[in-house]
Amino acid sequence: MELIKNCVALDTESRRLPGSSTYHWLSVAVVGPGGAILHMPVRPIGLVLEEIEMFNNPPFSPEILFQANPPSVVRNMVKELLRGLTVLVWNEKHEAEQLAFLNEKDQLGRKVFRVQDVMRRAAPYVKHWNDYFSDYEYPSLQMTATHLDIEFTEPGWHDARADAQMILDIWRYMESNPPFQVN
């Protein structure tokens, strides 16, 4: 599809240890029109293997997470991979917490990366206008997929690769079905 030729979808996954409020970044995925480009584990900083084994439903085995590249290395790899592409994300603010370079600006104050927040764009398809906030309410990725009748790929939502694929699928849907058509 020509409309998404230079687009890729990006998703990161984080988990908390039981009894903790701290999230640990555990995986990242980049999916393009031809499928997954990158899907890799991220080593949780400051944790030993026994702590990693306590994560509920980790995206990779504890041993793989323990041996994975640290966030600093993964960020550099992802940054180079995304250069020159339009990056589709679900909740730009959240993704920029893991990948601050998404908000990077050049010397003229322009954003270096072209990022599209698919959550914001999908809101009119799923939610109602909120007069109090003068904006649409933001839907979850799962709610939007259900509303648009789009199925997650295996292993399902809250997997970086499946979520990135869903972001791309929702983008395709919106490109083919504008929410407001003027005749």
Side-chain angles (χ1 to χ4, degrees), residues 1-14 23 25-40 42 59 71 74-130 133-153 155-182:
M1 181 178 263
E2 189 65 30
L3 296 171
I4 62 168
K5 185 172 80 172
N6 292 319
C7 290
V8 294
L10 164 75
D11 189 67
T12 60
E13 285 297 323
S14 302
Y23 279 90
W25 183 23
L26 301 180
S27 68
V28 62
V30 177
V31 173
I37 298 170
L38 172 82
H39 184 213
M40 66 187 311
V42 180
V74 174
R75 279 186 194 98
N76 288 336
M77 292 170 65
V78 173
K79 182 177 182 177
E80 289 309 309
L81 177 66
L82 299 179
R83 213 174 276 287
L85 299 171
T86 298
V87 182
L88 308 174
V89 298
W90 196 265
N91 190 344
E92 182 178 2
K93 181 180 175 188
H94 170 75
E95 295 302 345
E97 289 174 8
Q98 297 299 341
L99 303 167
F101 67 80
L102 292 174
N103 289 324
E104 193 175 294
K105 296 188 179 185
D106 67 12
Q107 54 275 40
L108 298 175
R110 299 173 301 201
K111 286 186 83 172
V112 173
F113 289 89
R114 293 184 307 270
V115 179
Q116 293 288 324
D117 191 333
V118 179
M119 177 185 72
R120 291 183 61 93
R121 185 166 173 214
Y125 290 84
V126 182
K127 292 288 207 157
H128 298 287
W129 182 261
N130 185 314
F133 292 108
S134 296
D135 202 353
Y136 285 94
E137 297 174 31
Y138 299 135
S140 70
L141 183 61
Q142 184 181 24
M143 174 189 289
T144 304
T146 300
H147 185 81
L148 300 178
D149 199 27
I150 304 173
E151 297 281 328
F152 277 89
T153 59
W157 67 290
H158 278 307
D159 170 80
R161 186 193 46 74
D163 286 356
Q165 182 63 57
M166 180 54 70
I167 292 165
L168 192 63
D169 291 346
I170 290 171
W171 184 262
R172 280 183 178 127
Y173 177 91
M174 293 186 303
E175 288 292 299
S176 299
N177 300 284
F180 310 110
Q181 295 186 3
V182 179

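What you see below is based on every heavy atom in this structure, not just the backbone, and it leaves out hydrogens, waters and symmetry mates.
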- Scanning both residues in full, the closest heavy-atom pair of Pro124 with Arg120 reads CD-O, 3.8 Å
- Item | Of Leu81, Leu102, Ile37, Ile167, the residue whose pairing with Leu10 passes side chain to side chain contact (heavy atoms under 4.5 Å, CB included) | Leu102
- Smallest separation among heavy atoms of Pro33 and Leu168, with atom names: N-CD2, 3.8 Å
- Would you find a donor on one side and an acceptor on the other, under 3.5 Å apart, between the side chain of Asp106 and the backbone of Val112? no
- Task: Please name the pair of heavy atoms, one in Gly156 and one in Ala162, separated by the smallest distance, quoted to 0.1 Å.
- Result: O-CB, 3.3 Å
- Message: Applying side chain to side chain contact (heavy atoms under 4.5 Å, CB included) to Tyr173 and Asp149, what does each step give before you reach the verdict?
- Response: CA-CA 10 Å; Tyr173 177 91; Asp149 199 27; over 6 Å; no
- Query: So, Glu13 and Arg161, do they make that salt bridge, N to O below 4.0 Å?
  - Reply: no
- Task: Return the set of residues passing side-chain hydrogen bond (donor to acceptor under 3.5 Å, both in side chains) with Glu80 (not counting sequence neighbours), or none when no residue passes.
- Result: Arg83
- Query: Below 4.5 Å, heavy atoms only, C-beta onward: do Gln165 and Asp11 meet side chain to side chain?
  - Reply: no
- Message: Tell me the closest heavy-atom pair linking Pro139 and Val126, and the distance in Å.
- Response: CB-CG1, 3.9 Å
- Neighbour count >12 (heavy atoms, 6.0 Å) for atom NZ, Lys93: no
- Between Leu82 and the options Val115, Val87, Leu38, the side chain to side chain contact (heavy atoms under 4.5 Å, CB included) test singles out Val87
- Nearest heavy-atom contact between Phe101 and Val78 is CZ-CG1, 3.9 Å
- Run the numbers on Val89 and His94 for side chain to side chain contact (heavy atoms under 4.5 Å, CB included), then give the verdict. CA-CA 9 Å; Val89 298; His94 170 75; over 6 Å; no
- Message: Give me the atom names and distance for the closest heavy-atom approach of Trp90 to Ile170.
- Response: CZ3-CD1, 4.1 Å
- Could you walk me through whether Val28 and Met40 pass the side chain to side chain contact (heavy atoms under 4.5 Å, CB included) check? CA-CA 6 Å; Val28 62; Met40 66 187 311; 3.6 Å; yes
- Message: Is it the case that the side chain of Arg114 and the backbone of Gly84 share a donor-acceptor pair, with hydrogens and angles ignored and the cut-off at 3.5 Å?
- Response: yes
- Sorted by chain and residue number, the side-chain hydrogen bond (donor to acceptor under 3.5 Å, both in side chains) partners of Lys79 (sequence neighbours excluded) come out as Glu104
- Query: Gln116 and Trp171: side chain to side chain contact (heavy atoms under 4.5 Å, CB included), yes or no, with the steps?
  - Reply: CA-CA 10 Å; Gln116 293 288 324; Trp171 184 262; 3.7 Å; yes
